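Structure, as structure tokens:
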Amino acid sequence: MSSTASEGAVESGRALAAFPSPQVNSIPIGPLEIHFYALCILAGVIVAVLWSERRWAAMGGEKGTIMDMAVWAVILGLVGGRLYHVISDAQLYFAEGREPIRALYVWEGGLGIWGAVPMGALGVWLVARRRGLSMSKLSFAIAPALPLAQAIGRWGNYFNQELFGRPTDLPWAVEISPYPEGHLRPGMELGVSTYHPTFLYESLWCLLLAVLLAWAGRRYEHALQGGRLFALYVMGYCVGRFWIEYLRVDPANDFLGMRLNNWTSILVFLAALAYFLWAGRRMDSFSSAVVPPGHDAGTQVFGPASDGATADDGTVYSALDSEESRVGSKNTSSEEAGTEYHPSPERSSSEGSTERDTEEGTDPGAKPE
């Protein structure tokens, strides 16, 4: 089989304008071998963290928060992504004659976004819960950065010459060459060397999605709280992945005439849509804390203001800024020095004041100290 675009075109009638794939996919450094696939993923992670950090700081969050969460998100995301790939393509590693140990060779490619995102989100949730931060706000900051990371990471498939699409004679076709040993790569056809660059299609789709999410988040900020912007990201990615999956020719499990990832796209899209609609009716029930309790007096957190205090569901207190205020609040009620009280969304300010005035006998016009 020819390994050049021109010869392949002559043999099969394909395009002469195809762009070639790189013949090198790693750099040896001493005993180590640095794979471009891993570098692309790393570059995507770095860009996503920096952008998310900037968005989080603009929302009033503390610098370094996203960086701390990224450690757990990346570790669990890699585990989840690899698990999904190995489980969904188990025949590649555990069929007769295969080498199961290669399931651990992440650098050879094979990370499923369907497993990476939920496991990465779990890592964010674990840190957010420990610090008392709002997952709603965090998802708003992170949502546009995720497709940007995917857009960069997809170029790792280009260096590996994998996950390409059907044969094509389009001017932007990608040239795929056989393995150095001479046998064809998965999905290749004998005598054909130009294929749809599905990695490029997905990269461009994700880049466009990142821009649209950033715009929508600014234009409809209030309406897209509560994790709804993140749900839009999920739905947008599923739409793009669905049609791109139809072009791919790499081996995959089929069910009822469609590839497994097509079915996954449909199911995940419906789940994200259901959440988007559900969250739209519960906008007032999500926490808005962007810093841990006690770090910033301007940040609202849900729950009791002090160790002994209690509050109705939905009551919002501002976090205390100083150690002196926190000590003082332990010996006073929610209306005493150091704590600013806000009525719950179900009650108006006047109703809340009337109830307290009646119970405590205070002047209706008095203002909480």
Side-chain angles (χ1 to χ4, degrees), residues 1-28 33-44 47 85 89 92 105-113 147-211 237 239-252 254 258-262 265:
M1 176 179 175
S2 170
S3 62
T4 64
S6 58
E7 293 176 358
V10 171
E11 293 178 10
S12 59
R14 298 298 175 188
L16 294 175
F19 63 92
S21 293
Q23 298 303 307
V24 177
N25 65 358
S26 62
I27 302 175
E33 190 168 4
I34 308 300
H35 289 259
F36 294 140
Y37 179 85
L39 293 179
C40 289
I41 294 177
L42 180 61
V47 171
H85 168 72
D89 291 300
L92 300 178
Y105 294 176
V106 180
W107 54 88
E108 292 185 351
L111 292 174
I113 192 66
L148 180 59
Q150 291 175 252
I152 298 173
R154 268 303 173 196
W155 284 86
N157 301 133
Y158 172 59
F159 287 101
N160 280 356
Q161 298 194 53
E162 60 185 2
L163 305 187
F164 45 85
R166 303 169 187 168
T168 183
D169 57 358
L170 293 172
W172 54 83
V174 61
E175 178 195 355
I176 302 297
S177 59
Y179 286 113
E181 298 81 5
H183 56 276
L184 301 180
R185 297 178 186 272
M188 289 187 70
E189 296 182 12
L190 186 62
V192 179
S193 62
T194 56
Y195 300 83
H196 277 285
T198 48
F199 78 90
L200 177 61
Y201 299 161
E202 188 167 334
S203 179
L204 293 176
W205 180 270
C206 288
L207 185 61
L208 176 62
L209 182 58
V211 173
Y237 177 75
V239 170
R241 181 62 181 267
F242 185 86
W243 69 266
I244 292 172
E245 195 70 25
Y246 265 113
L247 294 175
R248 284 172 48 170
V249 292
D250 53 296
D254 292 341
M258 286 199 304
R259 292 162 64 97
L260 174 62
N261 284 332
N262 282 117
S265 297

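Bear in mind the structure is a predicted one, so any value in this text is a computation, not a measurement.
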As an exercise, state the distance from [atom1] of [X] to [atom2] of [Y], rounded to the nearest 0.5 Å.
{"X": "Glu202", "Y": "Leu209", "atom1": "CD", "atom2": "CG", "answer": "11.0 Å"}
{"X": "Leu111", "Y": "Ile41", "atom1": "CG", "atom2": "CD1", "answer": "5.0 Å"}
{"X": "Asn160", "Y": "Cys40", "atom1": "CG", "atom2": "SG", "answer": "9.0 Å"}
{"X": "Ile113", "Y": "Gln150", "atom1": "CD1", "atom2": "CD", "answer": "4.0 Å"}

[X]: which residues meet the side-chain contact (heavy atoms from CB on, under 4.5 Å) condition with it, sequence neighbours left out?
{"X": "Leu163", "value": "Arg154, Asn157, Arg248, Asp250"}
{"X": "Asn262", "value": "Phe242, Glu245, Tyr246, Met258, Arg259"}
{"X": "Leu204", "value": "Leu200"}
{"X": "Ala38", "value": "none"}

Can you label the angle between the Trp205 ring and the Trp243 ring as parallel, tilted or perpendicular, going by 30° and 60°?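 Judged by the thresholds at 30° and 60°, the geometry between Trp205 and Trp243 is perpendicular.
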
Could I get the full list of side-chain hydrogen bond (donor to acceptor under 3.5 Å, both in side chains) partners for [X], not counting sequence neighbours?
{"X": "Tyr158", "result": "none"}
{"X": "His196", "result": "Tyr201"}
{"X": "Gln161", "result": "Ser177"}
{"X": "Ser21", "result": "none"}

With sequence neighbours excluded, residues passing ring-ring contact (aromatic ring centres under 6.0 Å, His included) with Tyr237: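 With neighbours one apart ignored, the set is Trp114.
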
Checking Asp254 now: which residues fulfil salt bridge (charged side-chain N to carboxylate O under 4.0 Å, His left out) with it, not counting sequence neighbours?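 By the salt bridge (charged side-chain N to carboxylate O under 4.0 Å, His left out) rule, Asp254 matches no residue at all.
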
Report the C-alpha separation of Trp155 and Phe199 in whole Å, then their side-chain angles, then the decisive distance to 0.1 Å, and conclude whether the ring-ring contact (aromatic ring centres under 6.0 Å, His included) test is met. CA-CA 7 Å; Trp155 284 86; Phe199 78 90; 5.0 Å; yes

